[in-house]
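Accompanying notes for the structure given below.
No experiment lies behind these values; they were computed from the predicted model shown. Lettering of chains follows the sequences in order, A, B, ..., and the numbering in each one begins at 1. Hydrogens, waters and symmetry mates are skipped; everything else that's a heavy atom, side chains included, is used.
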Number of protein chains: 2
Amino acid sequence: MSQTVDRALSILPLLAQGPADLGQVAERLGVHKSTALRLLRTLHEHGLVYRQQDQRYRLGARLFALAQEAVENLDVREIAHPHLVALNERCGHTVHLAVYEENEVLYIDKVESRYPVRMYSRIGKPVAITVAAVAKLLLADLPEADRRALAERLDFPMYTPRSTPNAAAFLKELATVREQGWATDLGGHEESINCVGAPIRGADGRVVAAMSVSAPNVVVTAEELLSLLPLVRRTADAITREYSGSSPGRHHTPSEDSA
Amino acid sequence: MSQTVDRALSILPLLAQGPADLGQVAERLGVHKSTALRLLRTLHEHGLVYRQQDQRYRLGARLFALAQEAVENLDVREIAHPHLVALNERCGHTVHLAVYEENEVLYIDKVESRYPVRMYSRIGKPVAITVAAVAKLLLADLPEADRRALAERLDFPMYTPRSTPNAAAFLKELATVREQGWATDLGGHEESINCVGAPIRGADGRVVAAMSVSAPNVVVTAEELLSLLPLVRRTADAITREYSGSSPGRHHTPSEDSA
DNA sequence: CGTGCAGTTGCATCATGTGCAACGGTCATT
DNA sequence: AATGACCGTTGCACATGATGCAACTGCACG
């Protein structure tokens, strides 16, 4: 909507692919060098872009700062974290928390076995949206039309023989997940890794986040992992209760909304 | 330099503090609501900003994607990583890799004991620039004038009684580090954590990154950790050799540059 | 010593971003 | 129920501010 800003922001993904000099930026943007220069300077002032010794530009540090601050401030994450830690202490496995946003699913917290290490290593990276338990949970809650539209648009990479193969199977899986209120990923992403997950809901009943417990085959069998399901669901429900109950001050009104 | 872009980008740190609605954004930007709307829409189209159900805006997922891609593409990181892993396998402790940029020091890689987990949990967060071993290494290499100017500008929080107390002590410490070619942090940030670090240099001899090994008191004493210094230095030197030698294709000319 | 290339600057033009005022929807008040 | 306040949204006329050009600089290379 705003040409100048639009052009400036287009520079970011361009630089994400690797450093580029002024000429390259101008060319790939389709603008005059002087224009590109001014845009880059503005980005630079805000720290989003950094100029290395060879004069080429690359993405800057402030970007990390922003991403960091953003994730720190997510209400759900804050509320959920202690619950995730507690769950991890009881079962010992890796615990994930994820949200859905604009056709992407991303992890916003993770508790690793033993160490309570928040690791954002996969943030931003395309999560295996067609197979991950948390992805199924988040997508299952979308209105049917959206689910259908999304399924059509997706690729279905066969990470393993047990990966979701196509849109039809995916939609069926989502329907199941939607009905039963929990989800699994049994070797669909990595042959030897299984997950069980449950949804976290807002005051209006809609799924706002999803959590899962993951463990490799060699530690516990899929059956053993599934036996944790009640515990996982109880944890998710506890988070749901706290989240939908305690934050009426944050949201304008915790009621309405339909779309 | 470009007013429109400048305003748009100013929205990001604003939203990093927490979600805000249109009115708040417009007010804090000092522009008309309709202007703020158009800027937000543009940011939204690029995924940098997300609109939650209550219509308020917060930072978007693409931000993480960009930060992620950016860090993935850092040459030093790529080259250093296997060396860091090898070092970790030999000594078992946590290994960090950091760079300096625009008055900030940030971690770009980390190898945790046992697990080769890349953890960006501290990326973007103000690293304890006055005490961390890697920070000292990176800052020690700046031209003296810059060091002095920076030291004046800094705060010197006393994380522990052993933290660097003031600018004078800091500059002295940097001089020492500069001369000896390695640095430590003995309980200066967390009472029980010690670190030893060494610099990684580019072809021109300037410090481009720094690495360190950290371990808690309870596992190894400071003396024991210091005994790892030769190993740490050898690792850093190995990275230096590979980095300054092998990448003549990436940089225009691996020679010149002085500023 | 000249040629070519990349980054930078100043400037005239007009495209673009701007603020205003008016509309529509939702919620709170009387 | 009806009223009023508030917030997001739209269309528009104006002039601010972004654009591309051309000329200048500094550097590297032949």
Side-chain angles (χ1 to χ4, degrees), chain A residues 1-12 14-15 18-46 48-58 60 203-204 206 247-259, chain B residues 1-12 14-15 18-46 48-58 60 203-204 248-259:
Chain A
M1 283 260 130
S2 167
Q3 190 187 66
T4 318
V5 178
D6 186 49
R7 285 172 171 171
L9 296 182
S10 302
I11 294 177
L12 298 179
L14 195 152
L15 290 184
D21 62 32
L22 179 61
Q24 295 168 341
V25 172
E27 187 192 9
R28 300 193 55 179
L29 243 103
V31 299
H32 196 270
K33 278 191 304 177
S34 60
T35 303
L37 180 66
R38 233 158 355 89
L39 297 177
L40 281 165
R41 280 226 255 257
T42 311
L43 289 168
H44 180 84
E45 269 177 25
H46 287 259
L48 298 185
V49 142
Y50 177 70
R51 191 154 206 195
Q52 27 189 42
Q53 295 92 329
D54 61 359
Q55 303 239 83
R56 292 189 302 165
Y57 295 90
R58 61 171 177 74
D204 53 6
R206 300 208 39 213
S247 64
R250 301 297 261 267
H251 296 75
H252 285 194
T253 42
S255 49
E256 54 36 90
D257 157 37
S258 62
Chain B
M1 283 262 129
S2 168
Q3 190 187 67
T4 318
V5 178
D6 186 48
R7 285 173 171 171
L9 297 183
S10 301
I11 294 177
L12 298 178
L14 196 153
L15 290 184
D21 62 33
L22 179 62
Q24 295 167 341
V25 172
E27 187 192 11
R28 300 194 55 180
L29 241 101
V31 299
H32 196 271
K33 279 190 303 177
S34 59
T35 303
L37 180 65
R38 232 157 358 88
L39 297 177
L40 281 164
R41 281 226 254 255
T42 310
L43 289 167
H44 180 86
E45 270 177 24
H46 286 259
L48 298 185
V49 142
Y50 177 69
R51 192 154 205 195
Q52 25 190 42
Q53 295 94 329
D54 61 359
Q55 302 239 84
R56 293 188 303 165
Y57 295 91
R58 60 173 179 74
D204 53 7
R250 301 297 262 269
H251 296 76
H252 284 192
T253 42
S255 48
E256 53 36 88
D257 156 34
S258 62

What's the [atom1]-[atom2] distance between [X] and [N], to the nearest Å?
X       : N      : atom1 : atom2 : value
B:Asp54 : D:dC7  : CG    : P     : 14 Å
B:Lys33 : C:dC20 : NZ    : C1'   : 12 Å
A:Gln53 : D:dC27 : CD    : P     : 17 Å
A:Leu9  : C:dG17 : CG    : P     : 12 Å
B:Leu22 : D:dT9  : CG    : C1'   : 9 Å
A:Gln55 : D:dC27 : CD    : C1'   : 10 Å
A:Tyr57 : C:dG7  : OH    : P     : 8 Å
A:Arg41 : C:dG10 : CZ    : C1'   : 13 Å

- Item | Charged N-O contact under 4.0 Å between A:Arg206 and A:Asp204 |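 Salt bridge absent between A:Arg206 and A:Asp204.
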
Identify every side-chain donor-acceptor pair in residues 26-37 of chain A under 3.5 Å, counting partners at least two apart or on other chains, and give the distances.
from    : atom 1 : to      : atom 2 : distance (Å)
A:His32 : ND1    : A:Ser34 : N      : 3.1
A:His32 : ND1    : A:Ser34 : OG     : 3.0

Indicate yes or no: at least one non-hydrogen side-chain atom of [X] is less than 4.5 angstrom from one of [Y].
X       : Y       : answer
A:Glu45 : A:Arg41 : no
B:Asp6  : A:His46 : yes
B:Val5  : A:Leu9  : no
B:Leu12 : A:Leu48 : yes

- What nucleotide among D:dG20, C:dT8, D:dT10 has an atom nearest to a side-chain atom of A:Val31? D:dG20

- Between A:Leu40 and A:Tyr57, which heavy-atom pair has the shortest distance, and what is it? CD1-CE1, 3.5 Å

- Phosphate-side-chain proximity, B:Arg56 and D:dG8, N/O vs OP1/OP2 below 4.0 Å: no

- How would you list, by chain and number, every residue that makes a side chain to side chain donor-acceptor pair (under 3.5 Å) with B:Tyr50, sequence neighbours excluded? none

- Taking only residues two or more places apart in sequence, or in another chain, which ones meet B:Arg58 in a side chain to side chain donor-acceptor pair (under 3.5 Å)? A:Glu101, B:Gln52

Name the pairs: protein N/O against N/O of nucleotides 24-26 of chain D, kept only if under 3.5 Å.
none

- Task: Using atom types as modelled and distance alone, determine if a side-chain donor or acceptor of B:Thr42 lies under 3.5 Å from a backbone N or O of A:Ser2.
- Result: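 A pair under 3.5 Å: yes.
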
- Set of side chain to side chain contact (heavy atoms under 4.5 Å, CB included) partners for B:Gln24, sequence neighbours left out: B:Ala20, B:Asp21

- Task: Sugar-phosphate atoms are those with a prime plus P, OP1 and OP2; base atoms are the rest. Using that split, label each nucleotide of nucleotides 11-18 of chain D B, S or - for protein heavy atoms under 4.0 Å, 5' to 3'.
- Result: ------SS

- Message: Can you give me the bend angle of the helix from C:dC1-D:dG30 to C:dT30-D:dA1? Use the axis through the first five pairs and the one through the last five, nearest 10 degrees.
- Response: 30°

